[in-house]
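Heads up, the thing below is written out as C-alpha cells.
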Amino acid sequence: MANEEYKWFLRDEVVDAGLCTFCGACAAVCPNDRIEFKEDGPALKEECPRNGQGACKDVCQRVVTFASKIGPNIFGFKAKPPALLGQYETLVAARATDPAVLEAGQDGGAVTALLMYCMDNGLIDGVIATGDAGKPSSCVVRSKEELLDSAGSKYSAIPVLSAIKDAGDITNAAVVGLPCHVYGVRKTQFFPGMMSHGFEVGENGEKIKVPNIAYVIGLFCTENFNYDKLGTFMQEKGVDISEVTKAAIHLDELVVTTNSGEHGFDLSDLWTAGCVQDGCVICRDAVSKLSDISAGFMGSGKGWTTLMGRTQKGIELIKAAEEAGYIETKPDIDLHRIEEFAGLKMQRFKWELQRRLDEGKKVKFYWASDYPGVMGETKGTFFVKIKTNAGLIGADPLAKAAELAKKYGDGTLEMTSRQCVEIQGVPGTNVDTLMSEIYASGLATIGMGYVSSCVGMDYCTEGLVETKKLSGELTMAFAQRLTPHKIKIGIAGCANDCVRAKRNDVGLIGQVRPEIDTEKCNGCGRCAELCRVDAISIVLGKAVIDKDKCVSCGWCIRGCPHEAAIEKERGYTMWIGANDARRPADGILLKSFCTTEEIPGLIDAVAKTLVKYKTKPGRERLGNVMKNVGEGRFIKEVLDQV
C-alpha cells in the first residue's frame, strides 16, 4: 500500500480495516492538502506533524457518525430514534417537467430539477456533486449548463466532498451524494460545534473555507464500485467503461448505456469479482437518512423519482419547486419496496459484520452513535443512558434495565449525577439488539440536555413547588435544542437546593414570599427560632422580616403557631450562568417568582441570546458568554424577548 511510512490514524483504523467509503471529507478539511485518493483509498502525500490525528480523524464518519448529535440540528430539534428508513415527513413520486432535464437526469430527473429551481431562485450558487459518467470525479457545478452535464447517477466510489476545497467562490452550496457523502458533509457542516474547536489551521496559517451548506440531497444506494475493478470486469464482457454515458441499478442488475446500446451486469457477479468497495458492504444506510431530501428510483414507477422530504427546508423545497412548475408529483409510492430495499442492505451489513468478526478482523462500531445516549468506553465497549423522569423510575422499568444490563452489558448499572441510569460495558455487537429491546419495552435513551431535579413537594416535606412534572416538560422541550450549546438545567424544590440548581447554567428554585399579619402576631418568637438565616427578629412584640436576608424558604409560614406568617406569593426563582466545568462561573438572578407558564419562554430567550453571542462552540458555557457580553446587557436582551 502507498506511503506506509507515514503515520496516519485513518490508514490504520479505517482504510486498512476496509471501512473507508471514499467520501472525501478527510481531504476537504486538511489545510495542508496532504491527502490524495488512490485505488485502495486515501493516503498521505507527505508526513503529517500530527501523525494524521487532526481534523481528518475528527470528520471521519467511519470513526463515529455522531448521527444522534447531528439529528437535532437538522430536524428542527425534533429528531426521532433511528429507524430503517430514517425520519421523513413527505413521500412522493416526482419527475422534472422540462424535457431536457427529464432526458439528462436519472429516473425522472427530479433531483436535477430541484437544483435548477434553487439556482434560478438564488437559493444556491453552486452544487458539489459527481461529474462525468465515463470516469466520474468530484466537481463543483456553477451553472445550469454544467448541472445538466453532470446529471444522472454514477456508480464508482468518488471522494465527492474533496471538491469542497474548490468551492472557495461559492457562498451557498447544495451537496448531492450517496449516504456516505451525506454523513461526511454533515460532520463537516457541524464540525466546530461537535468537536469543540474550529477547523484545523495549516502550518503557514492556511484556513479551510466551507461554504454554507444550504441543501443536502442524498441518493438511494445499494453499493458502489471500484472504478478500475469495474472497468476490468466490463472489459471482459466486451464493454468499454470509458464509453458509458449513463448507469443505473435496477433491482439486481447494473445497467449501463453506451453508443452501442444497453448492457446489464448481475450484481452478484460484480460482488463475486470484487468490484464492490469494501467500505460499502459494511454500510447500513440505503436511503441517506441525514439528508434534507432523499431521492431514488425504488418505490416509484418507471420514469419517476421517489422523494423523501426529511427536514423542514427539504419539505418546503419540494413544495416550492412543484408550485413553480419545475417538478410534478404524485402520491403513488410503494413503501414496502423501499423498506425491502433498505432491509436487504441492512441484512447484507449484518452478514458482512459477522464475517469480519468470525475472521478476527478489526471492526469499528462507528454506527453506535446513531442512537442517542450511547457512548464509547475505554475498553472498546459502550454505555447506554436510560432516561428517567428526572431521577424517578418505576420499579418495573428499573428491573428491566437491570435485566438488560445482565443480558447485553457487563451486569452493572450506574446512577449518574444527571439522574439517568446507565447500562455499562455493552459490546458493540450487542448495541443494536439492546436498543431494539429498550425501545420495545417502552424505555428510552437520552444524550445531553437532560433536566435534573429533586423530588419536590410531591415527596419532600420541605418542597415548595412541583419539580418532576416540570423537569419532564422542560426536557422534552429543550433537551435536543440545548444539547449543541450544553445548557444544563436543574430544579430545586426549596432553598435547600439539594440538586445544586444554582450551579447549573439555568437553575430554578422553589420560593415562597412570607408576610407577617401583625394582627395575629403576638411576638412569641417561634418564627425567629425556625429561620436558619436569621432573617426574622422580634421588634416591639412583633415579628419583622429582613427582606435582604430572607431566602423565601417558607419555614416561618409552616411553623407559626398563630398563622400570623402568611404566604404572599409562590413560584420559582431563576438563576442563569453558573457551572462547575473547566471554566467555572457563578450564576446571577434573572427573575424571582416565575410561574410555570413563564419558564419555557425565559429559557428560550436565554438560549437564543446565548447562540447570538457564542463564538467558541464547546469552549464557552452560558456564564462565560454572559461575562464577555456584559451581564446587565445579556439579561436585558433576555427579558426584552418575553
Side-chain angles (χ1 to χ4, degrees), residues 1-2 15 18 20-24 27 36-43 103-109 111-112 127-141 146-163 166 176-181 219-283 286 295-298 302 345 348:
M1 295 181 181
V15 180
C20 182
T21 66
F22 278 66
C23 76
E36 61 181 342
F37 277 80
K38 297 181 177 293
E39 180 183 343
D40 66 335
E103 174 64 24
Q106 191 90 359
D107 300 312
V111 172
T112 305
V127 179
I128 297 169
T130 306
D132 190 355
K135 185 170 184 178
S137 60
S138 58
C139 66
V140 180
V141 175
E146 292 177 349
L147 190 59
L148 282 175
D149 290 340
S150 67
S153 297
K154 291 85 179 174
Y155 290 93
S156 294
I158 299 300
V160 171
L161 302 184
S162 61
D166 301 323
V176 180
L178 303 175
C180 52
H181 301 127
L219 308 176
F220 290 5
C221 179
T222 51
E223 59 216 347
N224 217 340
F225 306 102
N226 179 288
Y227 177 82
D228 294 323
K229 292 179 180 178
L230 180 62
T232 300
F233 179 88
M234 292 174 61
Q235 191 67 48
E236 293 173 355
K237 305 296 183 182
V239 177
D240 187 344
I241 194 172
S242 65
E243 296 179 358
V244 172
T245 58
K246 199 168 188 178
I249 289 181
H250 287 160
L251 298 178
D252 58 355
E253 189 176 45
L254 172 65
V255 179
V256 300
T257 303
T258 66
N259 292 332
S260 60
E262 288 189 348
H263 310 271
F265 304 98
D266 189 278
L267 292 180
S268 296
D269 294 338
L270 292 168
W271 181 288
T272 303
C275 296
V276 179
Q277 286 289 134
D278 287 344
C280 288
V281 294
I282 197 76
C283 175
F297 79 93
M298 191 63 68
K302 186 176 181 180
K345 184 164 187 178
R348 189 180 70 182

Point-to-point distance, once rounded to the nearest 0.5 Å, from NE2 of H181 to OG1 of T21: 6.5 Å
Least distance between heavy atoms, G24 atom then F37 atom: CA-CZ, 3.7 Å
F297/F220 aromatic ring centres below 6.0 Å: no
4.5 Å side-chain heavy-atom contact, C283 and C180: no
Note: E223-R348 ion pair, threshold 4.0 Å (strictly below): yes
Side-chain (K345) to main-chain (C221) donor-acceptor, under 3.5 angstrom: yes
Spacing of E103 atom CD and T112 atom OG1 [to the nearest 0.5 Å]: 12.0 Å
Which atom of A286 lies closest to which atom of P179, heavy atoms considered: C-CG, 4.3 Å
Check against side-chain contact (heavy atoms from CB on, under 4.5 Å), V140 and V127: CA-CA 6 Å; V140 180; V127 179; over 6 Å; no
From CA spacing to verdict: side-chain contact (heavy atoms from CB on, under 4.5 Å), N224, L178: CA-CA 9 Å; N224 217 340; L178 303 175; 2.9 Å; yes
For the student: nearest non-hydrogen atoms of L219 and V111, plus distance: CD2-CG2, 4.3 Å
Heavy-atom pair of closest approach, residues V15 and G41: CG1-CA, 4.3 Å
Aromatic plane relationship, F233 with F265 - under 30° parallel, 30 to 60° tilted, over 60° perpendicular: perpendicular
Residue pair M234, V244: steps toward the side-chain contact (heavy atoms from CB on, under 4.5 Å) verdict: CA-CA 11 Å; M234 292 174 61; V244 172; 3.8 Å; yes
Distance (rounded to the nearest 0.5 Å) between L161 CG and F22 CZ: 13.5 Å
Gap between atom CG of L230 and atom SG of C275 - 0.5 Å precision: 5.5 Å
Separation between CG of D266 and CD of E253, rounded to the nearest 0.5 Å: 7.0 Å
Steps toward side-chain contact (heavy atoms from CB on, under 4.5 Å) verdict (T258, D240): CA-CA 9 Å; T258 66; D240 187 344; over 6 Å; no
From T232 atom OG1 to I241 atom CD1, the distance as rounded to the nearest 0.5 Å: 8.5 Å
